[in-house]
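Since this is a predicted model, take the numbers as computed values, not measurements. Worth knowing before you read on, the calculation uses all heavy atoms, side chains too, and leaves out hydrogens, waters and symmetry mates.
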Amino acid sequence: MLRDRITGSKALMRALQAEGVKTIFGYPGGSIMPVYDALYDYTRGVKKAFDHILVRHEQGATHAAEGYARVSGEVGVALVTSGPGATNTLTGVADAMLDSTPIVVIAGQVPISALGTDFFQEVDLVGLAQPISKWSYQIRRAEDVAWAVSRAFYIARTGRPGPVVLDFPKNAQTEEIDWEPVRVNFVRSYVPYPKLNPDAVRQAAELINAAKKPLALVGQGVELGNAQEELKAFLEKADIPAGRTMLGLSALPSDHPLNVGMLGMHGNYAPNLKEQQCDVLIAIGMRFSDRVTGNLKTYAKQAKVIHLDIDKSEIDKNVKTDVAVVADCKESLPAITALLKKNSHQEWKDSFKPLAEREREKVIEPAIHPKDGPLLMGEVVNAVAEATKGDAVLVTDVGQNQLFATRYFKYNKKRSICTSGGLGTMGYGMPAAIGATFGAPDRTVVCFMGDGGFQMCIEELGTIMENQSPVKMILLNNNYLGNVRQWQDMFFMRRKSFTKMMNPCYELIAKGYGIPYEAVTDRSTLKDAVAKMLATPGPYIIECAILEDDDIMPMTPPGMDVDKMMLEI
């Protein structure tokens, strides 16, 4: 019998194939060169298995992998070299960890024999990545490649998803082995899907059945668990209004009658105030972020709290729970729904309406339909939302662009939002949007960025140019680091310390990359510019000249009670 003798690098190619990988975002270098040599044969001809997307910076590779994972539901893959190549990925790894995004980062490493000698581009990647990843591991022998890759993907995609980092020394890339495929579907001490406790299900159902003023808080866990339909059945049977976290916005369609808006510091007025009035609070796949709860000492003290989450460590971490249902919400939601009475809470739902109307009058209408003056971020977002009819994927950078975009965009389909939540990573938007175009090639991908975040990963315009990635980029340019400027105005006596920005000519930059560009300085041309952008194949940039002191409202000031939300400054 002939032996199938291959190098560790070729073993990696086969292991990635076995995991169903189709797209790799990467950047080559010395310590990963044997892998890239093996990859050459797997990206062309009859043997082609992968599309390799050459990014312009390793951080861009991880954010692109995140965007890919968010919209596709698959594991994103980044491939980089050792030393600075590896350390450049760490921001993306931390971002993926906080936002529960499944990616696998594979980094080259110096040979095992050189470890500890301060060899050129040597760094302890496993040690650096361990606190910010689900698992980090060094593949020291070629014979361990198949096992390590399968284990990495199993850990990344199961349970509460997250990033895994594989450190791949050069000797293990070049050693030869007899190829044997490995499938890992069990890791001792790792229980990705906790067993559903029927007593907890019963207690949750009893509380909900007895509730007069129930409120659901819907998080990204619903999206990660593919439980969008189960969520709707649950809410509709018990007639429960639902607020959504920023990362959970597309878990429930924007026009669903039980959707009462976005939670959080810059969310909608009604659900934030009603968190302090409900009698039963049902948290579903969310982690009670400080941006949602405000002051924890006063948060929802009047309510019985039910927390549905796959990750036991989230239970009682921030908010004390009366009933914890620790399981995949794909399983826990229908189990609870089966025990619920068909109910109606019309009076409770009606009580949201005056608050919503007050916000519409004070905040929303002035933001999306201003009568005069410079362009506002809200009206730009609204114009794109109306033109895409809620069917597009929204990608944002971080800052005011993110807050306006998430508030005023519309979501009809699941997995329709990519934004950096927990880490708040400026520069995330552009590379994440590139990844989203590969993860959902049949959907329109729009990316809102501020002038600060746009420049943080501006080199990825080269990736867009080379691949003609159809990213529709909307640059909201107010010549400021807008969110920091707003906080300086509100809390630091208007002392604008280093937030004013001198910006380049973005039209010339777009021209240099061969990307169609249009400047919008007057609202009379906004609608036509958006229509032209969406009708143009491939990438496109619209730069909008925004009012410099455009503020994002409502706002719950940091550390304040959630019901102390301000509608105006």
Are more than 12 heavy atoms from other residues, nucleotides or ligands located less than 6.0 Å from atom CZ of Phe491?
-> yes
Please confirm whether the backbone N or O of Ala270 pairs with a side-chain atom of Asn268, one donor and one acceptor, at under 3.5 Å?
-> no
Under 6.0 Å between the ring centres of Phe448 and Phe404?
-> no
Trace of the side chain to side chain contact (heavy atoms under 4.5 Å, CB included) decision for Met565 with Met555 | CA-CA 5 Å; Met565 183 171 239; Met555 181 179 185; 5.9 Å; no
Under 4.5 Å between any side-chain heavy atoms of Met262 and Pro271, yes or no?
-> no
Grab the two heavy atoms, one from Val562 and one from Thr293, that are nearest each other, plus how far apart they are.
-> CB-O, 3.7 Å
Here the pair of heavy atoms bringing Ile310 nearest to Val326 is O-CG1, 4.0 Å
Please tell me if the side chains of Tyr513 and Pro539 come closer than 4.5 Å, counting only heavy atoms from C-beta onward.
-> no
Do the charged groups of Asp239 and Lys349 touch, with an N to O distance under 4.0 Å?
-> yes
Looking only at side chains, do Glu548 and Tyr480 share a donor and an acceptor under 3.5 Å apart?
-> no
Could you tell me the separation between the NZ atom of Lys414 and the CG atom of Leu231, rounded to the nearest 0.5 Å?
-> 13.0 Å
Run the side chain to side chain contact (heavy atoms under 4.5 Å, CB included) check on Arg70 and Ile417 step by step: do they pass?
-> CA-CA 8 Å; Arg70 287 274 191 95; Ile417 180 167; 5.8 Å; no
Apply salt bridge (charged side-chain N to carboxylate O under 4.0 Å, His left out) to the pair Arg160 and Asp309, showing each step before the final yes or no.
-> CA-CA 9 Å; Arg160 180 179 181 174; Asp309 207 288; 5.3 Å; no
Show me the donor-acceptor pairs within less than 3.5 Å that the side chains of residues 210-227 make with the rest of the protein, sequence neighbours left out.
| from | atom 1 | to | atom 2 | distance (Å) |
| --- | --- | --- | --- | --- |
| Lys213 | NZ | Gln277 | O | 3.3 |
| Gln220 | NE2 | Asp99 | O | 3.0 |
| Glu223 | OE1 | Gln228 | NE2 | 2.7 |
| Glu223 | OE1 | Arg415 | N | 3.2 |
| Glu223 | OE2 | Ser250 | OG | 2.3 |
| Glu223 | OE2 | Arg415 | N | 3.1 |

Within a reach of under 6.0 Å around NZ of Lys362, are more than 12 heavy atoms found that belong to other residues, nucleotides or ligands?
-> no
side-chain contact (heavy atoms from CB on, under 4.5 Å) with Pro370: which residues, sequence neighbours excluded?
-> Leu376, Glu379, Arg523
Minimum heavy-atom distance Val325-Ala200, with the two atoms named = CG2-O, 4.0 Å
Do Glu359 and Pro554 have side-chain heavy atoms sitting under 4.5 Å apart?
-> yes
Student check: side-chain heavy atoms of Arg443 and Ser416 closer than 4.5 Å = yes
Does atom CG of Asp442 have more than 12 heavy-atom neighbours from other groups under 6.0 Å away?
-> yes
Indicate yes or no for a side-chain donor-acceptor contact from Asn209 to the backbone of Ala205 under 3.5 Å, with no hydrogens or angles considered.
-> yes
Side chain of Ser420, backbone of Thr425: donor and acceptor closer than 3.5 Å?
-> yes
What distance do Ile541 atom CD1 and Glu507 atom CD have between them, rounded to the nearest 0.5 Å?
-> 10.5 Å
Could you tell me whether Lys500 atom NZ has more than 12 heavy atoms of other residues or ligands within 6.0 Å of it?
-> yes
Can you name the nearest heavy-atom pair linking Lys496 to Gln488, along with the distance?
-> CA-OE1, 3.1 Å
Tell me, please, which residues at least two apart from Glu229 pass side-chain hydrogen bond (donor to acceptor under 3.5 Å, both in side chains).
-> Lys232
Across all chains, not counting sequence neighbours, the side-chain contact (heavy atoms from CB on, under 4.5 Å) partners of Asp561 are Asn295, Thr298, Asp563, Lys564
Tyr68 vs Thr101 side-chain heavy atoms within contact, under 4.5 Å | no
Find the distance between CE (Met473) and OH (Tyr540) and round it off to the nearest 0.5 Å.
-> 11.0 Å
What residue among Thr499, Asp551, Asp549, Asn479 forms side chain to side chain donor-acceptor pair (under 3.5 Å) with Arg485?
-> Asp551
Criterion side chain to side chain contact (heavy atoms under 4.5 Å, CB included) on Lys320 and Val305, from CA distance to verdict = CA-CA 7 Å; Lys320 178 65 178 175; Val305 177; over 6 Å; no
Answer with yes or no whether the side chains of Asn477 and Asn503 bring together a donor and an acceptor at under 3.5 Å.
-> yes
Hits for ring pair (Phe, Tyr, Trp, His ring centres under 6.0 Å) against Tyr269, two or more places apart or cross-chain, chain-then-number order -> none
Tell me yes or no: between the side chains of Glu236 and His256, is some donor less than 3.5 Å from an acceptor?
-> yes
Starting at CG of Leu273, measure out to CG of Leu355 and round the result to the nearest 0.5 Å.
-> 5.5 Å
Look up atom CD1 in Ile306 and atom CG in Leu281, then write down how far apart they are to the nearest 0.5 Å.
-> 9.0 Å
Pair Asp550, Asn478: side-chain N/O donor-acceptor within cut-off below 3.5 Å | no
Taking every heavy atom of Asp95 against every heavy atom of Leu423, the minimum-distance pair comes out as N-CD2, 3.6 Å
Polar side chain donor-acceptor pair, Tyr517 to Glu543, under 3.5 angstrom = yes
So do the side chains of Val323 and Leu207 get within less than 4.5 Å of each other, counting heavy atoms only?
-> yes
Residues Gly422 and Arg287: closest non-hydrogen pair is CA-NH2, 3.5 Å
Worked verdict on Thr419 versus Val395 for side chain to side chain contact (heavy atoms under 4.5 Å, CB included) = CA-CA 6 Å; Thr419 193; Val395 184; over 6 Å; no
Close side-chain approach of Leu481 and Phe498, heavy atoms under 4.5 Å | no
Tell me yes or no: between the side chains of Gln59 and Thr91, is some donor less than 3.5 Å from an acceptor?
-> no
Compute whether any side-chain donor of one residue and acceptor of the other, for Thr396 and Asn401, lie under 3.5 angstrom apart.
-> no
Is any side-chain heavy atom of Phe288 less than 4.5 Å from a side-chain heavy atom of Glu314?
-> no
Within 6.0 Å of NZ in Lys312, more than 12 heavy atoms from elsewhere = no
Mind checking what makes ring pair (Phe, Tyr, Trp, His ring centres under 6.0 Å) contact with Phe409, not counting sequence neighbours?
-> Tyr411
Going through the distances and angles, do Arg202 and Glu206 end up as a salt bridge (charged side-chain N to carboxylate O under 4.0 Å, His left out)?
-> CA-CA 6 Å; Arg202 176 182 52 77; Glu206 288 175 355; 3.3 Å; yes
Asp350/Gln346 under side-chain hydrogen bond (donor to acceptor under 3.5 Å, both in side chains): CA gap, chis, key distance, verdict = CA-CA 6 Å; Asp350 286 345; Gln346 194 60 51; 2.9 Å; yes
